[in-house]
2 protein chains.
Amino acid sequence: MTKNEIQEQRMRGYFIEATRELLKAEGLKSVSVRSIAEKAGYSYATLYNYFRDVKELVFECVRGFSEECVASVVERTASIPPGEEGLRARLRAWALYFAEYPGVFELFYLERLNDLGNRHPSVNIIWTLPDRLCAADWERLGEEGLPSSRAHDLMEAVKYEITGMLLFYLNRGKPSRFDGFAELLDARIAKTLTPPHHPLT
Amino acid sequence: MTKNEIQEQRMRGYFIEATRELLKAEGLKSVSVRSIAEKAGYSYATLYNYFRDVKELVFECVRGFSEECVASVVERTASIPPGEEGLRARLRAWALYFAEYPGVFELFYLERLNDLGNRHPSVNIIWTLPDRLCAADWERLGEEGLPSSRAHDLMEAVKYEITGMLLFYLNRGKPSRFDGFAELLDARIAKTLTPPHHPLT
DNA sequence: TAATAAAATAAACGATGTTAAATAATTAAC
DNA sequence: GTTAATTATTTAACATCGTTTATTTTATTA
């Protein structure tokens with residue numbers, strides 16, 4: 001890495017860090033090219049020497065937040081060994097990270113990235129985040145006899161379901177308080193992972 | 001209704017209809033107080049004589065779209081009697097309405113309504129839409145012996161799950177094409193409503 | 001018809017993202 | 001080490017946005 005590249009990466013880092021702080025503390029609504037530049041200590045026009053536009057900058061934060069989320073989940077569930085209980089706990093911790101930082105949820109799932117195209121790397125980071133968190137749990141359940149196709153189905157179901165719950169809770173106030181959300185979250189994870197043996201008809 | 005109230009309702013209707021058309025055709029990004037007013041044939045300042053702000057106007061469209069969605073689902077599934085098959089078909093048609101009109105999805109689930117508060121009537125219209133669509137199906141399944149608590153759980157699961165799927169498909173390009181989404185939708189509805197008798201461990 | 005009330009609009013404000021021109025800082029050449 | 005060229009940064013400007021205030025037009029009433 002040449003001298004100029006080091007400096008360039010440093011400058012990008014200043015802007016990215018400023019954006020991260022704004023996103024975490026106040027959410028997307030308070031992230032503007034001017035507020036970022038002020039926090040970074042530069043003029044807002046300087047930003048355009050290091051990022052194509054403000055959307056590129058904002059989505060540069062995805063990787064960092066995903067790593068932070070992984071760290072949060074690992075720390076909160078370190079004592080729980082791989083398996084069914086670990087799976088539930090890690091899915092729960094994954095969801096609670098977004099409930100704690102709604103601005104990160106906005107960035108991951110709500111913010112449009114029209115022109116960046118949907119092949120942007122951040123989309124895959126977001127999509128595969130829960131899979132990475134629970135890989136060991138599914139592996140263990142596989143060793144215990146769970147077919148991998150069934151594992152895949154369950155993971156898909158619970159991923160979509162929790163994302164939908166977060167959407168309603170954070171964006172539509174359903175449920176209105178955190179307590180209600182946490183309760184609902186636990187109940188739904190349990191029921192989806194171990195559905196009762198009771199056919200519809 | 002007095003003469004003035006009639007005129008006021010008419011004026012509100014002009015703006016609401018203009019907003020509806022913009023939303024359906026081009027999505028939220030092209031909805032602005034100026035574009036609405038131009039389509040309605042008035043100055044943009046006139047809008048503020050009939051709506052507190054543009055968010056109030058935009059959310060006034062929710063009821064109309066929800067009725068349109070109901071009509072679409074009813075029409076597409078009229079021949080299917082209440083029961084398990086009807087349930088699947090109506091949930092599918094509900095999701096496909098949003099896949100067809102991504103702008104309506106944005107309005108229903110993505111657009112913030114910070115200041116309007118989360119007790120706004122549109123939130124309940126949105127939340128209960130699938131319940132109203134499938135009420136007869138659940139009723140029939142109840143008559144056939146399905147416990148209402150189980151029905152409630154399944155409906156909750158499938159509502160969150162489909163919303164999550166729509167979020168990923170419309171906002172993150174997962175899956176990238178409609179075919180993939182429709183296929184995934186059918187598969188997930190079927191699997192969630194009739195999970196296999198196979199415990200995790 | 002003239003005075004008054006109401007409705008519609010034009011003008012303006014502050015904030016947004018972005019670009020072009022102008023200044024400051026750094027590097028290269030001598 | 002001073003000057004010229006290049007690069008980095010900033011100021012100024014533009015178009016667009018939501019909203020408010022002042023002004024003009026339209027309708028109603030005396």
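None of the values given here were measured: they were computed from a predicted structure. Values reported hereafter were calculated over all heavy atoms of this structure, with side chains retained and with hydrogens, waters and symmetry mates removed. Residue numbers begin at 1 in each chain, while the letters A, B, ... track the order of the sequences.
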Show the atom names and distances, to 0.1 Å, of all donor-acceptor pairs under 3.5 Å that link a side chain in residues 36-47 of chain B to residues at least two apart or in another chain.
unit_1 : atom_1 : unit_2 : atom_2 : d
S43(B) : OG     : A45(B) : N      : 3.3
T46(B) : OG1    : S43(B) : O      : 3.4

Q. What residues form a side-chain contact (heavy atoms from CB on, under 4.5 Å) with R177(B), not counting sequence neighbours?
A. D179(B)
Q. Quick one: side-chain contact (heavy atoms from CB on, under 4.5 Å) partners of P102(A), sequence neighbours excluded?
A.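 Only L170(A) meet the side-chain contact (heavy atoms from CB on, under 4.5 Å) criterion with P102(A).
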How long is the line joining [atom1] of [X] and [atom2] of [N], in whole Å?
| X | N | atom1 | atom2 | value |
| --- | --- | --- | --- | --- |
| F51(B) | dT19(D) | CZ | P | 13 Å |
| Y50(B) | dT20(D) | OH | P | 17 Å |
| N49(B) | dT25(D) | CG | C1' | 13 Å |
| Q7(A) | dT7(D) | CD | P | 13 Å |
| E8(A) | dT9(D) | CD | P | 10 Å |
| L47(A) | dT18(C) | CG | C1' | 11 Å |

**Q.** Y160(B) and W127(B) aromatic centres sub-6.0 Å
**A.** yes
Q) Would you call E106(B) and R112(A) a salt bridge, taking side-chain N to carboxylate O under 4.0 Å as the test? A) yes
(Q) Tell me whether K191(B) is salt-bridged to E156(A), with the criterion being a basic N under 4.0 Å from an acidic carboxylate O. (A) no
Polar atoms only, N or O, under 3.5 Å: list the protein pairs with nucleotides 11-17 of chain C and their distances.
unit_1  : atom_1 : unit_2 : atom_2 : d
dG17(C) : OP2    : V33(A) : N      : 2.9
dG17(C) : N7     : R34(A) : NH1    : 2.7
dG17(C) : O6     : R34(A) : NH2    : 3.3

**Q.** Trace of the salt bridge (Lys or Arg N to Asp or Glu O under 4.0 Å) decision for E100(A) with R76(A)
**A.** CA-CA 14 Å; E100(A) 190 173 354; R76(A) 287 157 93 149; 3.6 Å; yes
Q: Identify, residue by residue, the members of residues 10-24 of chain B with a heavy atom below 4.0 Å from DNA chain D, and return them in order of residue number, or none.
A: none
Expected list for residues 66-73 of chain A: side-chain donor-acceptor pairs under 3.5 angstrom, two or more places apart:
unit_1 : atom_1 : unit_2 : atom_2 : d
S66(A) : OG     : R63(A) : O      : 2.9
E68(A) : OE1    : K24(A) : NZ     : 3.1
E68(A) : OE1    : Y97(A) : OH     : 2.6
E68(A) : OE2    : R20(A) : NH2    : 3.1
E68(A) : OE2    : K24(A) : NZ     : 2.9

Q.
For dA8(C) and S43(B) - does any side-chain N or O of the residue sit under 4.0 Å from the phosphate oxygens OP1/OP2?
A.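 No, S43(B) has no side-chain N/O under 4.0 Å of OP1/OP2 on dA8(C).
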